[in-house]
Amino acid sequence: MEQFSPASACSKGHRRSLAVETAAGGSICLSCFAALVSDSRSPTHHVSYALSQLNLAFDDLDLLLELRERHAYLLVAPLVAALSAFDDEPLARQVMDVISDLCFRGEIRRLGLGGVNEQFTASSLSGDFIARIADRLASGALAWSRRHIYLLHCFGVLLNSHQGSSPAAHIREQDALFSNLLFGLQLPSEELRGEVLFVIYKLCQLNVTPWENVDDDDNDCVESLDAMASSLWRLALEILLKTQHDEVRINCLALLLVLVGKGLFQNLFVDNIRGIDIKETKANGDELMQQCPLITLFSDAIKGSLLSSDEGIQISTLDLIFHMISPENCSINQLRVLVEENIPDYIFEILRLSGNKDPVVISCLQLLALFSTSEEVFKQKLVVGFSTLLSILHYTSQIPLHPVQPHALTLVCNCISISPGIMSISQVTEVALILTCILRRCMNGELPETFILACSTFVEILKSPSAYGIKKIGDMIKEASRCAVLSSLSFPQGRPAALLMHSLALLKEAHVYSRREDGSGNSDEELEENIMVTCQNYLLPWLENFINEEVEEDVVHEIVQTFHLILLSGSEAQTQTFANNLISSNLLTLCFAYLGLFPTDQMRSSVYLILSSLIDRTLGPSFGQPLRDAFSYLPVDPLDLIFLLGQKSSIDPQLALCQRASLLLLYVSSLSGERFADDTQVLASLEQYILVNSNNFFCGTGDSLMLAQLVHLYGLYRGSQRDEKMSYSPEAEKTLLNLLARDDLELFSFGIHPMALKWLFQQERIMTYLSNQILKFCRLSRANESQLIVYSYGSQTMNMQLISELVVSGDNYVAQLLVSLLRELQGEGGEDDMICVLNTMTEILKKFSDASIQLCMHSFSGAIRSIYYSPYCAPQLFSSCSLLVFHVLYTTNHNVLSQDGEWLAVTVKLLEYVNPKLASQLWGQEELLVISIFCLILHHSRNQALEEPSKAILLNGSLASAVENIVQTSIAKGPALVDEEMETGECLPFFLALYFFSLNSFYATIQDCLDWQDLLQSSNTAPPTLLLSIKCHDLCRLMHFGSSLIKSLSSQCLVEMLSRISDQRERNQEELRCSVRYLQSMIAVMESLVFYEEKAVATNCGICLSKILSCKSLGLGEKMVIRNCKWFRMIMEEFTMTLTAPSMASKYFKNLHKPASRIATGLLRLDQTPQWMRSVFDISCISGVVSNLCAQNLSAEMVDLFRALLSRKYLNEEHVGCLNQIFQVCRKQAYKDSSKGKARDSSANSFISSNADFGKICNLLVDLMMSPVYREKETDQERLLREIDMFYRELSIEGRCE
């Protein structure tokens, strides 16, 4: 192309107005340009140069705009002609670039009004090109060639980029254009087909098709267009089937998707399958391709695209299939064809190789969900792809709210239900874990559909035989069922009823699974228990909370049915516990409340049947049969049930059934503490029932179970009347009691409320009957005590507990009847029954020690005396009786012990029994038990009770001789006493205890005629005035050689002895009547045990030494012994060293310091304190002790020691100041603790089950000896506060003295 200056015309003589000036200063003659590019004979390099120059000129946007506005008409036709004139691809691309730049370059460069005009100009220009190209392609003289590829490509670019008015306005011959394009699709060129497909795709997308604005009334036109559409479909599918180019596939799929979107194929797939053999069509190839059904052609065509490595092609193909087989577009028959053509297999393969890419996964699962509607033919395909589905399910479950997670769950669930045995053990575990995670996530929010499908899938897994015997799955089932129930009860989105129903289905199936036995015959009891806990903790409270809310009947019914299934099919122990928990949670009241809300036959049968099973589990098999017999006749209102009791049942069999059921319901409700009506109303109905229907029982038509329930209910409501003036029917009461006595109903053969039993045992008119019942109870409790079960507001307790409570309460005849039985049963043949009664009374004392008070108040001693003096008192009876006597004396209060001769007679009889054995020293169980009884009698005598029996014991010479012989025999063993197991070793502790209690009894009964210092005499002097005695030096020897127990008992006796001697000396101002060597030996033994490991022994030795030191009437010799005793100094040095060492003081302050502190206090309070005390308790030592002292380890003994140090002026002001701070803190803590009540210790640990338990009997006696009764009357805290007050009093005295 020639360039020229603006001042001159071109060489062809064209007008200057047709020239375009460039920014470089030159011009382009458009006429010459048009002639050059439109001439097919023009050299291609000239044409290419001209196009490039014009394209470069387009860089000047102003020039481009001017060209569009003034000279565009000169370029449209030549450029379109150039596309068809040259068969040169690079040249064609240059032409397309020029057209594209001319139409679309710089369209949005300007804003405002100018920008709009420019856009309009560009849109109009592209429309001109579209019109020109469309005319060429619609021409009847069109002969397709390779050159038309560029024309089609440019046409597609223009259609794709055109903006503004619809391209339809520029295309004049749409039918001809489409006809030619359809013909072009039939050409063999892949590249040409691809371009044609893209053009048709864009035309369809832009609604530039013959099918737009069709008159439906013109049948010929419609048929013609349908034929064209069918041809287009078939041609596109054939191209898709045969092509190997992804570009062609993309265009073809895009066209098919647009056609699907326009709905141009619904009528094309309507069964043209009929009459054509698909296999024959495929076998004959192209000849029959035109006859092949479109659905078959479609299935073959998409297979290649499904196998494409291009993800975009796969997704487009999947989208096409999805639209094709959607329910509104595809019939079941056509869907089956696709399945038979293995399309699902291709989809499963795509899923397997997808790498969990979301677009592919979503498309595939959506398709498989549609294919699953063709259930029969799809089953096999689904089974084959199961492993792939599991991996996809695992992937989607990790993403909350994944859009196709429900599809994955649906497919997995369908596959498991179709083929239950398809899963391996590892797959069962994997799916169970996935579903558990999904259900757990549902608690925080998830799609309701996902929740429902997860529950359904889990149910199918549990039904599958593959899940049997897998141990790991049990924990998953627990978690899944619990999360499912919790999620359904609190789901944030809609459909709570449906969700709850599915969670209950999972819960029930989980329970069925838990009851399956493994190869060893065992079931999963832990899972079963967990399911019951879920019901109790979540479902039952939900029923209680939503009673006043809007709730559907089906939901309540399903929950009740779930409970019922568990009760019917659960294990015996687990379901009994579950039933008891349900009853204690007032399930009966709850059931009747919902029965009032939904008074339908379905709800009535569900409620009464579950109640019958509940009663069977709690009270025994077939106990709920009356409810099963009458549930169809029973009313829904519990008040109507009560009303039925007042009717006469002999004339109506159905009424009799209803009354039996009503009594049973009232009976069970009373055991759980529930009430269906006011007590007065129920009592009136029961009385009416008794008066109207009592003849049934007298005639024998009423059974004992009904009578038992009636007695229980009547006794309960009579016993619950707090107002004695409340009205009742004496006639009904008399009738019922007569029935009770006549039938001899066994009270302990059925559950009975404590209040009802108490009322029965308050009825004096049936004492004989009650006595027989007590005797039966004693017999049964001995045979099998575990059978005795009663119910107290839903909790099970032993009948022994209930009887014990009745005895302790004292407002009934149980204690009196027990004591009376001891008298009535005496005689030949009554030994076994008497032993049963005695053992029962012992068991009662085990539970409540205060019961002994009630026994003693009803002449217990007289009954015991008659047993001991009975000629039928065999050894076993004697042993049981003695054991009971021991417990009664140990636990009773001395105020209730009778002062008549009964206890004296008992004591005399026991002495007569034991005296022959004393001489021979044949000590057996009974003899030691008798000695223990003597100890307790002596113990009570110190409170002016049982004085005469005590004197009989104290003045018994045989007993005194036996004590002396046993002690001397033990002492003679020396060091061997602690090692050897001797006969005396077994009985020595009991006789030491007897001696201890005798010392107190002597002091309380015959003190005036005793000289306590006789116990200090040596063995060769005159015998002491105490007949029963052990001398002081013998006790010291026992302390030295004996075991820990002997040391403890001997030291306790020595404490008591020295206390009596000290009191006598102080009272009579006597000298100590013993030698200095005797005193030295006593002190030596006690000093050696001050640091003994047994705290009681060390404490007793400290007390003994402190009593010797604190005696005011010490003689000169005694004082010399004390001052010269080196052991005292060693004890004090050890004591101070331990208290001043921080590492040792914390442990030592825990009561280990008390013996030495008592000795230190006694030494400080001597008239002349040993001189070495000042060096031991120097300033630094006291400072160290005070620094280690705190309110927590302060004791009364330490405060007493500081008071003694203060009086001896060992403390300075700093010491007193520190002690003052500690004492103040201790006071505050003590007052704070005193405001808190302390529970009394239980006596259960003090119970002796048999007289062979020597150790426990001895421990009881030792505990009694060590009790505060024989020591300080105050508690440790009270003593501490008293000592602090005395310290401050001493401090004030010292201050005044100064």
Side-chain angles (χ1 to χ4, degrees), residues 771 774-775 777-779 781-782 804 807 815-846 849 851-892 896-898 900-917 923-937 940 946 949 952-953 990 1246-1254 1256-1257 1260-1261:
S771 179
I774 286 290
L775 180 57
F777 167 74
C778 295
R779 292 169 178 168
S781 64
R782 185 186 183 191
S804 303
V807 172
Q816 180 179 339
L817 290 170
L818 286 168
V819 176
S820 299
L821 281 172
L822 294 179
R823 293 192 182 93
E824 296 169 3
L825 293 173
Q826 293 177 16
E828 187 175 2
E831 179 185 352
D832 290 340
D833 286 341
M834 196 176 301
I835 292 174
C836 290
V837 176
L838 290 170
N839 291 340
T840 300
M841 296 170 74
T842 304
E843 287 294 321
I844 291 172
L845 291 176
K846 173 184 177 181
S849 59
S852 59
I853 298 175
Q854 295 297 324
L855 296 177
C856 291
M857 291 175 64
H858 292 92
S859 302
F860 172 77
S861 58
I864 293 300
R865 181 195 61 78
S866 61
I867 293 175
Y868 279 134
Y869 282 89
S870 171
Y872 304 103
C873 186
Q876 186 178 3
L877 178 59
F878 180 87
S879 178
S880 298
C881 184
S882 299
L883 187 62
L884 176 61
V885 171
F886 175 83
H887 281 292
V888 169
L889 290 175
Y890 185 81
T891 57
T892 194
V896 299
L897 292 172
S898 61
D900 53 23
E902 305 290 355
W903 281 111
L904 178 59
V906 169
T907 305
V908 171
K909 189 64 178 177
L910 291 175
L911 286 170
E912 292 177 357
Y913 173 80
V914 80
N915 279 339
K917 312 291 179 65
W923 303 105
Q925 301 174 2
E926 288 77 12
E927 288 77 16
L928 293 180
L929 182 59
V930 170
I931 296 299
S932 301
I933 294 174
F934 289 163
C935 292
L936 296 176
I937 292 174
H940 285 291
L946 305 179
I953 297 170
F990 290 91
S1246 63
F1247 175 74
I1248 308 300
S1249 59
S1250 70
N1251 55 358
D1253 197 350
F1254 293 113
K1256 202 161 190 179
I1257 293 176
L1260 290 179
L1261 296 175

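- The two atoms that bring Cys873 and Ile867 nearest to each other are CB-O, 3.4 Å, heavy atoms only.
- Rounding to the nearest 0.5 angstrom, the gap separating the SG atom in Cys836 from the CD atom in Glu831 is 10.5 Å.
- Within the 4.5 Å cutoff, side-chain heavy atoms of Leu884 are placed close to those of Leu845.
- For residues 857-872, every residue pair satisfying the salt bridge (Lys or Arg N to Asp or Glu O under 4.0 Å) rule, not counting sequence neighbours, is listed here: Arg865-Glu902.
- A donor-acceptor distance shorter than 3.5 angstrom exists from the side chain of Ser866 to the backbone of Ala863, with no hydrogens or angles considered.
- Nearest heavy-atom pair, Pro949 versus Ile937, reported as atom, atom and distance to 0.1 Å: CB-CG2, 3.8 Å.
- Taking CG from Asp832 and SG from Cys778, the interatomic distance works out to 13.0 Å, rounded to the nearest 0.5 Å.
- Summarising the geometry of Leu883 relative to Leu929, their closest heavy-atom pair is N-CD2, 3.5 Å, with the distance given to 0.1 Å.
- Test Ile835, Leu822, Leu838, Thr842 against Cys881 for side-chain contact (heavy atoms from CB on, under 4.5 Å) and you get one pass: Leu838.
- Annotation: side chain of His940 is in contact with side chain of Thr892 (closest heavy-atom distance under 4.5 Å).
- For the atom pair OG of Ser882 and CG of Leu877, the computed distance is 9.0 Å after rounding to the nearest 0.5 Å.
- In plain terms, the two heavy atoms of Cys856 and Leu897 that are nearest each other are SG-CD2, 4.2 Å.
- Applying the ring pair (Phe, Tyr, Trp, His ring centres under 6.0 Å) criterion to Tyr868, with sequence neighbours excluded, gives Phe878.
- The side-chain contact (heavy atoms from CB on, under 4.5 Å) test with Leu910 is passed by exactly one of Val908, Val906, Val914: Val906.
- Judged as a side chain to side chain donor-acceptor pair (under 3.5 Å), and not counting sequence neighbours, Tyr869 has no contacts.
- The structure places CG of Leu821 at 11.0 Å from CD of Gln826, a figure rounded to the nearest 0.5 Å.
- Nearest heavy atom pair, residue Cys935 against residue Phe990, reads SG-O, 4.1 Å.
- In this structure Ala815 satisfies the side-chain contact (heavy atoms from CB on, under 4.5 Å) test together with Val807, Gln854, Leu855, His858, sequence neighbours excluded.
- Using a distance-only test at 3.5 Å, with no hydrogens or angles considered, a donor-acceptor pair links the side chain of Thr907 to the main chain of Trp903.
- Rounding to the nearest 0.5 angstrom, the gap separating the CE atom in Met841 from the CZ atom in Phe860 is 5.0 Å.
- Pairs passing the salt bridge (Lys or Arg N to Asp or Glu O under 4.0 Å) check and including a residue from residues 881-890, sequence neighbours excluded, do not occur.
- Counting heavy atoms from C-beta outward, Leu825 and Val837 have side chains that approach closer than 4.5 Å.
- Judged as a salt bridge (Lys or Arg N to Asp or Glu O under 4.0 Å), not a single pair has a partner in residues 816-826 (not counting sequence neighbours).
- Scanning all heavy atoms of the two residues, the minimum distance from Leu936 to Tyr890 falls at CD1-N, 3.7 Å.
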